[in-house]
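Values below: all heavy atoms of this structure, side chains included; hydrogens, waters and symmetry mates excluded. A quick note: this is a predicted structure, and the numbers were derived from the prediction, not measured. As the structure lists them, so they are numbered: ligands from 1, and atoms in each ligand from 1.
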Amino acid sequence: MSFQKSDFGENFLWGVATASYQIEGAKDKDGKSPSIWDTFSHTKGKIENNENADIACDFYHRYPEDLTLLKAMNFDVFRFSLAWTRILPDGIGRINQKGLDYYHRVIDKCLELGLQPWPTLYHWDLPQCLYEKGGWTNRDIVSWFTEFTDVCTREFGDKVKNWMVFNEPAVFCILGHVLGTHAPGERSVNKFMQASHHVCLSQGESGRVIRGNVADAHIGTTYSCMHTDAYSKSMSDLKAARRMNTLLNRLYIEPALGMGYPVDNGWEALKKMEKYTKGGDITKMAFDFDFIGLQNYSRMVVRAAPVPPYMWAMEVPPKKRGITQLTDMGWEVYPEGMYKILKQFGRYNKKIIITENGSAFPDFVQKGAVHDKQRIQFFKDYLSNVLKAKQEGVDIQGYFVWTLMDNFEWAEGYRPRFGLVYIDYKTQKRIMKDSGKWFQEFLR
Ligand code: GCO
């Protein structure tokens, strides 16, 4: 399908997304305290090549240049996250003015350039000191997180109207608490259940704080979503795919929509959640978000597993299925998955903004340019599936690219490059890739 910008509608929002820990650097600057990601990345063996984001893209100092590049590519929206450790270095209580000042500078630069600032309150960099008190597994985090929300929204609420509570609860709960591949590196199903429940509670409560503090706020929260397919037509594989769908796509959104936990799906383990649920929690988890942030990269093919890595279901990795079209993350390029997951989420009847979509491919600088053809094709194919779902009536009102520039890709370190802008990490030189130029033309 060929398409142009106007096919998406006049008010459709075009943006790019980033996250504090992945780009800012300035690890100890101006009173910032360590986050769980500082600790985790400095623990030997956790990150490819033992890399860390102490410097990353040095966005902390180079934001004027980077935001100017973003504007040059003709986007309207800059999605970024607020580092809790810069604003409340002790997690709660003492406010660090220098941290607030930094985000004021970033926000003011956006406004000066005519970019809309869209902050996310939590993109995984929990203060280490709060982790030491149990982090997401401690129910007190609901009040810690609402305090952080309160400080941020009172401070920035007159300039910033678009807010997102979480980035991808499923990822930081599963990878951080069961698989142990992300900070804080826990491997416990019980901790995962506890953390998930406190995340769902915080989600609703934080939404209410924003609503109370910010006049005319437009409030959302984001979810990592993946269409799930069964590996075979056998009953057991079909059931496994259903359970995986619940874990990946339903567990964190349905409580927010007032539907409670999705216990209707034959995933017995989910009933454990009741252990942590107190009277009134179901109501507290619900909040009338203005939009859902949907983030999609690939799909998952699932089959029944005899042992429970989690939930008696396991992924059949693309390589094992003979898929050759893989990104540098080893993910299958599957544009139809975007369409399918949008149709699934469309059934919730809420406004959707695609708050992340993108791909990592090997990039090379040739005579000062980066010819990333594969990435351009990826965007064309995914965008045409977005358009198809939109034309069939799914209420999609924006699309944000992951990501502005190459950055620290969590456990994978700096190897995968997702940016529209190439970074030379030795010199911090920025080069707009051909994909950035493609958007520049497309959005002109
Ligand atoms: C996520 C995060 C990003 C990642 C991106 C690529 O969606 O996991 O929001 O921080 O870098 O998704 O993996």
Applying salt bridge (charged side-chain N to carboxylate O under 4.0 Å, His left out), name anything that partners E392, two or more places apart in sequence or on another chain.
K343
Non-neighbouring partners of S359 that pass side chain to side chain donor-acceptor pair (under 3.5 Å), sequence neighbours left out
none
In this structure, is the centre-to-centre distance between the rings of H123 and W37 below 6.0 Å?
no
With a 4.0 Å heavy-atom cut-off, what residues sit around ligand 1?
Q22, H123, W124, N167, E168, Q295, Y297, W331, E356, W402, E409, W410, F418
Report the residues that fulfil side chain to side chain contact (heavy atoms under 4.5 Å, CB included) with V209, sequence neighbours left out, ordered by chain and then residue number.
T146, T149, D150, T153, N213
Give a yes or no on whether a salt bridge exists between R79 and E356, defined as a side-chain N under 4.0 angstrom from a carboxylate O.
yes
Report yes if the distance between the aromatic ring centroids of F145 and F166 is under 6.0 Å, otherwise no.
yes
